[in-house]
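What follows is a short report on a single structure.
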Amino acid sequence: MAKLASLEEPLLNGDSKVQNNSDPSKTKGNNYSIAGVFSILTFSWISPIITLGNEKTLEHEDLPLLATDDSAYGVFPTFRNKLESECGSVRNVTTLKLVKVLFLSTWQGILLSGLFALLYTCASYVGPFLIEIFVQYLNGEQKFKNEGYVLAMAFVAAKLVECLSQRHWMFRFQQVGVRMQSKLVAMIYAKGLTLSCQSKEVRSTGEIINLMTVDAERIGEFCWYMHDPWMCVLQVALALLILYRSVGVASIAALAATVIVMLLNFPVSSLQEKFQGKVMEFKDKRMKATSEILKNIRILKLQAWEMKFLSKIIQLRKTEEIWLKKFLASTAIIKFLFHNAPTFIAVVTFGACALIGIPLESGKVLSALATFRILQMPIYGLPDTISMIAQTKVSLERIASFLRLEELQTDVVEKLPWGSSDKAIELVDGYFSWDLSSPNTTLKNINLTIFHGMRVAVCGTVGSGKSSLLSCIIGEVPKISGTLKICGTKAYVSQSPWIQGGKIEDNILFGKEMDRGKYKKVLEACSLTKDLEILPFGDQTIIGEKGINLSGGQKQRVQIARALYQDADVYLFDDPFSAVDAHTGSHLFKECMLGLLKSKTVIYITHQVEFLPDADLILVMREGSITQSGKYNDILKTGTDLMELVGAHREALSSIKSLERKPTFKISSTSEEDPNSLSDFELEKNVENTNDQIDKSNDTVEPQGQLVQEEEREKGRVGFKVYWKYITTAYGGTLVPFILLSQTLTISFQIASNYWMTVATPVSATAEPDIRSFTLMVVYVALAVGSSIFTFARAFLAAIAGYKTATVLFNKMHLSVFRAPISFFDATPSGRILNRASTDQSTLDMYIADILWAVTLNLVTLFGNIFVMSQAAWQVFIVLIPVMAACIWYQRYYSASARELARLVGTCQAPVIQHFSETISGSTTIRSFEQESRFNDINMKMIDRYSQPKLYSATAIEWLNFRLDILSTLTFACCLVFLISFPSSMTAPGIAGLAVTYGLNLNAVQTKVIWFSCNLENKIISVERMLQYTSLPSEAPLVIKDNQPDYSWPSFGEVHIRDLQVQYAPHLPIVLRGLTCTFTAGAKTGIVGRTGSGKSTLVQTLFRLIEPVAGQILIDSINISFIGIHDLRSRLSIIPQDPTMFEGTIRTNLDPLEEYTDEQIWEALYMCQLGDEVRKKEGKLDSVVTENGENWSMGQRQLVCLGRVLLKKSKILVLDEATASVDTATDNIIQQTVKQHFSECTVITIAHRITSILDSDMVLFLNQGLIEEYDSPKKLLKNKSSSLAQLVEEYTRRSNSGFGN
């Protein structure tokens, strides 16, 4: 679509100018900027969208573009510049300066909305001022000819001014709000890209996301309250003037009462604020835990820990609920105070009149009552405003303190232009430390000179500072002293792959133009061509979050392809060969390092000794410094550190004695030997692999089977079912009739009390009062007390019902998500689940109950108003019925579009969050490629995609309200005309006056009904979204009571597989095609196969992460499909591919279920060689582990996983490529530990390193889901034509000679 294309253009051209709207030819998309005065006044410029919404379901493409001033592109650059010029640098931001710059950058909008607010306030007091004159006129006191009609016109004119100014005031502040929110979100994002490592430890991703979703939004919403403080003063002043005219000195009593009510409010609202702060604080904690759990859900399921972690979240939520209860109680008290405020002030004022002896006439009483009603607004609004000011202050402080966080030092690296020096990297006397406050420096005394075109290998044991060295070269590690110069551009490949959600092609291009020839070369070098053929949409396949539908090896190769395509001058590889098998590893090394990057400067970390001989320079690291450097053979002669690594490697090689060594490397293209050799594709992980040959000529592939689908949004009206479910969740809906009853009684008592005051007072000063003032007041007070009791009842009942519902839904949804099968998490980005647990849950906790019962209360009030009006002039019904019909028609007409706009707001927020959390986790990569500005651009585009529906949704409400206001003013005008045309014969002047008083309020009540019901329809979507996740399909039962295995099971550990067939989904091909084999008890079995042969699938089936389609697996002759999955998973052990640690302590990481004593834990730590390391730390077993275990090295995390297994002491152990991210020496520790402590157990290993399989008892060679060979390694190696023999031969060849010779 043309509109959409113009939105995307600036990004594709890599140009960040405000291109999306500034070109006049494109502004046709934006109705607002070209609308005429009348169209803007009546909001008609939005009509086309609303009409369209009635014809079809609105999609994002249908929305017009934003005006430049409303888009992030338009407002962010100026905002940032103003902020920087105000503060010098973002690091020095104070809350005050942030406020000042926010104000200065949106002052026109703020001023304009203030002007409308002033007009509105003045117009709203015309009615109460005229009402007394009107009653006197009806009583026969006519001051001039046609006075009645003049009065009627004055009433109506004032009403129209009031409506117009109110609508435009509301529209303006929402517009200002959207602008503010865009600026802040863009600012937070830009800051997130520059955070230093320590700052990231201080603020978790979850907390920063909260800044974007909650705090920035709150500041945007604050515009609503911005003018309230001065309006409040003005309204009270005007009210007192009118009261003074009606009741004289008694108006002082009214002032006193008003002040008392306002003061009462402060302690309660300050408490409310404190409670809300606490709720937020615990919610932050809960979200942090949730997001970490979702990231590692696969591990939790494998270990059978998910229910323990669920209870952790329920526990956090319980603490949050304690404060939530207090918050809701304080809200109910505030509501009670405020709905009773007008009644209380009226009682005090009329009481004062009775005491002082001021005569009350019905005209004056009505004027006073109308005034009290308007006074309710500032009184009702003030505490809200004050708490909002406080909340906004908190939010501003949170954002300012985030903006003050330490950024990466920009002066760590001195960048030289290409060609200005013959040295690519020069590092002199470098001292670097991740934590500048700690006495231990990470890297010490580093001296390093690397010339252009050199290949440098870095090796060393786990934790020796290899990754830190690379990080320091790209400028990520804070510098203590020394100089570091880099000449030319750089590309970086991190150790754990960072892949963006989106197309594979976009991941590789990474912002560069497509150059087909180069692209093809890169794909071939990274042996991705085969993989892409297997993928259902080739390089257009959409990758799930964190590359979920790619195997480890593929992610790594996509990452390498991204670096190669950038065509940089200096390449830094952090152990890129670990995640791929031996075959692919050697291919990558040859094609990338020795091929495409032949002339480039390359630094690579490796744990694999066979890649060392080809380096021009080898750096051996130990404890943060370079202990040896030089060529391979020179170092081997001199030092010990490299000898250790090589020794470990030689030891591994010596187990292949039976093979003669061949000194040369045949440069035969690998594909001749085995056409499938390079298909390093984890078919088993790839859920949507359909074997359809996609027609290559057809470029636009219909995305029919992508793994990650667009977020589902319900279409059409929110079903009545959702409302019903919501009302009946708490106590089966028993509270509902009581709430409705107390609402009806509240309103009845209020009407009765006003009616009584009007009837019981004389019409004019001359008439004698029939009722003594004492009786008058007693009855009035009694009625007032009645109304306030019911106000109290309904506020509390509503709070209880709302709280109960939120709690029930929270527990249901979380249980359902935690019990969902792993395929659900593969296909659902965690952002969607997090969104429901945070934003939607908050809506449920704090808003929905209020809004729902506000709708019914205002409906009851509306019927009350109509009832009173019809008492005076029944003819009103003649007009009222068509007007009501028109109102309902308008509301229906509007709601089709409004709903979709609200849903679009919901679905457009998730991508902003998703993109942000992706950016944070990949910030190192983004910075090393110097792509910050492009990512800021993408972010602004996403913010604008979110602002569009948000702004248009706000406008649509005003469009509707404006039209309804005109209609209700029409009703009011007709009522006046009837009263004037058929005078006193019809009804007593007092009653007629009462009707007018209620008529004045008609449009306000009607607007509220509509506003609350639309708001409810928008907010109830949160319930709808949560309900979607309360009924997810669940995994098999955790425990089957009648079929629990014996406590000691499995006592032998024999695994018997019969005719096993597995597929990932009914429409996908079968991955394991009928395997039959037996892993004998206590034997060590190695599973080999090109990636994609079904190795991981076999393991997942063993743990029942996937259920087989046919066949069975027996462990000690128990069919695992017949027992509970917890019984199964808790008896098996696994060391997974990605080593995972959770935030907490060493103890909680090793033993989350608290099943073991400290002695046992220490014993396990010593076995896995981490004992001394942990003893050194202050907290010992309680020493801290940060989010994702970031403060432990990759190797150490792997050893912790080994520790878990040692504690569990299962009979069956699975090693899933566990040695991939570890150097050979640590690899040997793991191998030795397993050999020593699991000698009695059945060990199943999936490995990339041939050496780790050769000393197993049996080798299972899989090929495309079938068993190709299954025998002892000795026998297989004797047969030279066996697949295993060929693999080993290649490995030894490679190890002995390197590649260059």
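Numbering starts at 1 and runs along the sequence shown.
- Atom OH of Tyr893 sits in a crowded spot, with more than 12 heavy atoms from other residues, nucleotides or ligands closer than 6.0 Å.
- Asn865 meets the side-chain hydrogen bond (donor to acceptor under 3.5 Å, both in side chains) test with no other residue; sequence neighbours excluded.
- Considering only residues two or more places apart in sequence or on other chains, Phe792 meets the ring-ring contact (aromatic ring centres under 6.0 Å, His included) condition with Phe336, Phe796.
- For Tyr998, the side-chain hydrogen bond (donor to acceptor under 3.5 Å, both in side chains) test picks out Asn754, with sequence neighbours left out.
- Of the residues Thr791, Ile789, Val785, the one that meets the side-chain contact (heavy atoms from CB on, under 4.5 Å) test with Asn340 is Thr791.
- By the salt bridge (Lys or Arg N to Asp or Glu O under 4.0 Å) test, Lys274 pairs with no residue at all, sequence neighbours left out.
- A search for salt bridge (Lys or Arg N to Asp or Glu O under 4.0 Å) contacts involving Arg794 returns nothing, not counting sequence neighbours.
- For Asp850, the salt bridge (Lys or Arg N to Asp or Glu O under 4.0 Å) test picks out Lys335, with sequence neighbours left out.
- Side-chain contact between Tyr125 and Leu130 is absent, with no heavy-atom pair separated by less than 4.5 Å.
- Scored by the side chain to side chain contact (heavy atoms under 4.5 Å, CB included) test, Val268 finds Ser330, Ile333, Ile334, Leu337 as partners (sequence neighbours excluded).
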Tabulate below the donor-acceptor pairs under 3.5 Å that side-chain atoms of residues 110-118 make, not counting sequence neighbours, or state none.
| from | atom 1 | to | atom 2 | distance (Å) |
| --- | --- | --- | --- | --- |
| Ser113 | OG | Gly109 | O | 3.3 |
| Ser113 | OG | Ile110 | O | 2.9 |
| Ser113 | OG | His227 | NE2 | 2.8 |

Do any side-chain atoms of residues 240-252 form donor-acceptor pairs under 3.5 angstrom with protein atoms, and if so which ones, sequence neighbours left out?
| from | atom 1 | to | atom 2 | distance (Å) |
| --- | --- | --- | --- | --- |
| Arg245 | NH1 | Phe129 | O | 3.4 |
| Arg245 | NH2 | Phe129 | O | 3.0 |
| Arg245 | NH2 | Glu132 | OE1 | 3.2 |
| Ser246 | OG | Ile242 | O | 3.0 |
| Ser246 | OG | Ser367 | OG | 3.4 |
| Ser251 | OG | Gly248 | O | 2.8 |

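- Partners of Asn1015 according to the side-chain hydrogen bond (donor to acceptor under 3.5 Å, both in side chains) rule, which considers only residues two or more places apart in sequence or in another chain, do not exist here.
- Partners of Lys326 according to the salt bridge (Lys or Arg N to Asp or Glu O under 4.0 Å) rule, which considers only residues two or more places apart in sequence or in another chain, do not exist here.
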- Task: Go through the steps for Gln272 and Thr331 under the test side chain to side chain donor-acceptor pair (under 3.5 Å), then give the verdict.
- Result: CA-CA 7 Å; Gln272 185 190 23; Thr331 313; 3.2 Å; yes
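- Counting only residues at least two apart or on different chains, no salt bridge (charged side-chain N to carboxylate O under 4.0 Å, His left out) pair has a member in residues 736-763.
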